[in-house]
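Note that the coordinates shown come from a computational prediction; the quantities given were computed from them, not determined experimentally. Chain letters run A, B, ... following the sequence lines, proteins first and then strands; every chain starts at 1.
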Amino acid sequence: MIKITLPDGSIREYERGITSLQIAQSISEGLARNVLAAEVDGQVWDATRPIEKDASVRLLTWNDKDGKSTFWHSSAHLMAEALEALYPGTKFGIGPAIETGFYYDVDFGDRPFSSDDFKKIEDKMLELARTKSDYVRQQVSKSDALAYFTEKGDEYKLDLIKDLADGSITFYTQGNFTDLCRGPHIPNTGFIKAIKLTNVAGAYWRGDESRKQLTRIYGVTFPKASELADYLHMIEEAKKRDHRKLGKELELFAFSERVGMGLPLWLPKGAALRQKLVDFLQRAQMKAGYEPVVTPHIGHKNLYVTSGHYEKYGADSFQPIRTPQEGEEFLLKPMNCPHHCEIYKTKPRSYKDLPVRFAEFGTVYRYEQSGELHGLTRVRGFTQDDAHLFCRPDQVKDEFKKVIDLVLYVFKALGFDDYTAQISLRDPENKGKYIGSEENWLLAEAAIVEAAEEKGLKTVTELGEAAFYGPKLDFMVKDALGRKWQLGTIQVDYNLPERFELEYTGSDNQKHRPVMIHRAPFGSLERFVAVLIEHCAGEFPLWLTPEQFIILPVSEKYEEYAKKLLESLNNTDIRGLIDLRDEKVGRKIRDAEVKKIPYMLIVGEKEVENGTISVRKHGEGDLGSMTIEAFSKQLIEEITV
RNA sequence: GCCGAUGUAGCUCAGCGGUAGAGCACUUCCUUGGUAAGGAAGAGGUCAUGGGUUCAAGUCCCAUCAUUGGCUCCA
């Protein structure tokens, strides 16, 4: 007998060789029907794999992340089986589960493939799923594994096996399909009830451009048809919220081929929104002791040679601009920090002066590969809400904590309630790719970890995700549809102060090196606005809305009253407009609703007589009539953040 | 940058070898209307660009550009 510890702490005794599935059955039939896999001593296993010794077991269902990914990984195998049945001779690369769904990289040889083939594959998959074939795990020797795939003629699998240690190789078979696979898998294909192939794309074998390009087929599957329907609905909703679509419809920004790809044009309404964000953060930063600075859009090449950016990114950047007479080389500013370092150096600094905090909404230009541009989230010219804090080593942690406070304040004001922080540290395996001394890195990493801990942030730590000059703390927010976005970032930098030979005079009258912290709560205004649009589906918080109200006269007879009304309501914080078109009020309301204008003020005979307005709120409907003063007061209260 | 898809009116799209279409938006006129589309008329396109095939090319082929889904990259 062996002892199995369950997540609730209870310990049950079973015969040696019991499977997780049988454990589930001993608890309840319902549970057993839903078990996809199990976590055995921290490792995800097949639910059907025998357990040979005492272990702690957590049964995984569709509600667990690992349960889902097991399900999707098994779905990838099911798709491969369908592909092999439909297109004999297809070779297979890798087929993992991804955040939502799975993909399989396959080589169809010369056969053309397009999304038109999806239906056929989906049908075949469903047919195979209904056979409820078990996923059977089998340990094989390296030579047998090689022999199998040599026989099958699948060079990709052979390439994979080459790198595997003999003794740790497993095959999984379901139906007529056998694949090299570490597992785990769901018990049988019958769990897969709803299937949707989503898209097809090219992907290089092992992500290497010099190797053959395979066809990557993406799909997603569900244990219930209704879940697929929900998923498709979510996709529809995401499409409706796409910031590129809403940005066009709400006249926030545009792109022009003539201006150049990846270079956004902010239209009046978008610029108004953007300006409000800038004002908002500017005010918060002034309170927090930041000093605004302004630097030019280009900088001498030597500046970036000094900073190290030229060496690292020069070849992949926009190429230098040369002055016609002197032949001096200037770069479009890809970063604000080198400029800010020079500002720091304009005068001797005392330890008493630190920290100094230079803030700039600095527009930077970076070459992004053409295929990578995407709406406002990936552009070639963008404005960072950048600031650099220069402080003493003993101030780092404190400053870091203050920045965390600022970032959280910004998120709260903008309705991002669900966020996590990612601590990005060095890749311990590959320390050579980072600039800076071991000692400095250890200091910086400790400061971040401690600050995040003391602020009680929900964090995940990623090794190898640090910037080349220092570790960082990135904030990821979840939007209204549950999608994750990376926004704010805080980065410790012991490196630039070194390169720019920044100094301050300590209380010991000796020169010391300050520490630099880069930080941007929004990240970039472009990206932030994109995320904000999708988060709130274009219905911005009132204080950010470019046009907060629209006056709708019932007929042209009330035009005068409407104009006076506009004059009395408009001020620096509240902006509105009048719809003077020769249309019925129903039409004007519809158009205002479509434009997502928060308040509609309807004025007609009644209102003129009583000196009131009839207020309608976007998405809610008629609020009844009120006095102008009452409305104005309500609006001001609502926009105060 | 690489692979695939797409590019027709301001917007959303139909047409896929034989005289450029629809809805919305726009302009003008009628209508003076009370909480999500009043009526009529009009204007608007070298069918992304450049080549080619054809008696004839938005329509078929090639190239370029842009957009887009991925890959790769991201200070």
Task: Interatomic spacing from CZ in A/Phe253 to CD in A/Glu526 - rounded to 0.5 Å - done: 10.0 Å
- [ ] Could you classify B/rG58 for me, syn or anti, using a glycosidic angle within 90° of 0 as syn?
- [x] syn
Task: Identified ring pair (Phe, Tyr, Trp, His ring centres under 6.0 Å) counterpart of A/Phe92 within the set A/Tyr104, A/Tyr103, A/Tyr156, A/Trp205 - done: A/Tyr104
Task: Among B/rC2, B/rC74, B/rG33, the nucleotide that comes nearest once only the side chain of A/Tyr313 is considered - done: B/rC74
- [ ] Answer with yes or no after comparing the ring centroid distance for A/Tyr231 and A/Phe222 against a 6.0 Å cut-off, counting only values under it.
- [x] yes
Task: Nearest-nucleotide pick for A/Met335, side chain only, options being B/rA37, B/rG34, B/rA75 - done: B/rA75
Task: Short side-chain N/O contact from A/Arg244 to OP1 or OP2 of B/rG69, under 4.0 Å - done: yes
- [ ] Answer yes or no: does a side-chain N or O of A/Tyr204 lie under 4.0 Å from OP1 or OP2 of B/rC73?
- [x] no
TODO: Output the single nucleotide from B/rG1, B/rU72, B/rC26 whose closest atom is nearest the side chain of A/Tyr367.
DONE: B/rG1
Open item on the list: Considering every strand and a 4.0 Å limit on heavy-atom distances, what is the contact class for A/Val554: base, sugar-phosphate, or nothing?
Closed with: base
Task: A/Glu311/A/Lys301 ion pair, N-O < 4.0 Å - done: no
TODO: May I ask you to say what A/Glu607 touches in the nucleic acid, namely base, sugar-phosphate or nothing, with a heavy-atom cut-off under 4.0 Å?
DONE: base
Task: Side-chain N,O (A/His374) to OP1/OP2 (B/rG69) below 4.0 Å - done: yes
Between protein and nucleotides 44-47 of chain B, what N or O pairs are separated by less than 3.5 Å?
none

Open item on the list: Under 4.0 Å, counting only non-hydrogen atoms across every strand here, what does A/Gly604 touch: a base, just sugar-phosphate, or nothing?
Closed with: base
Task: Candidates B/rC73, B/rG70, B/rU35 - which lies nearest the side chain of A/Asp622 - done: B/rU35
Task: Nearest-0.5 Å distance, OH of residue A/Tyr599 to NZ of residue A/Lys617 - done: 3.5 Å
Open item on the list: Pairing check on B/rC24: which nucleotide meets the Watson-Crick or G-U wobble criteria with it, both distances under 3.5 Å?
Closed with: B/rG10
TODO: Establish, with yes or no, whether the OP1 or OP2 oxygen of B/rU12 is under 4.0 angstrom from a side-chain nitrogen or oxygen of A/Lys248.
DONE: yes
Open item on the list: Considering every strand and a 4.0 Å limit on heavy-atom distances, what is the contact class for A/Asn199: base, sugar-phosphate, or nothing?
Closed with: sugar-phosphate
TODO: State, without any angle test, whether A/His618 and A/Glu539 hold a side-chain donor-acceptor pair at a distance under 3.5 Å.
DONE: yes
Task: Selected nucleotide, minimal atom distance to A/Glu257 side chain, candidates B/rU35, B/rC73, B/rA66 - done: B/rA66
TODO: For B/rC71, take OP1 and OP2 only and decide whether either is under 4.0 Å from a side-chain N or O of A/Arg216.
DONE: yes
- [ ] Return the nearest nucleotide to the side chain of A/Glu372; candidates are B/rC26, B/rC73, B/rU72.
- [x] B/rU72
- [ ] Verify the ring-centre separation between A/Phe108 and A/Tyr87: is it less than 6.0 angstrom?
- [x] yes
Open item on the list: Given B/rA66, B/rG33, B/rC2, identify the nucleotide with an atom nearest to the side chain of A/Met261.
Closed with: B/rA66
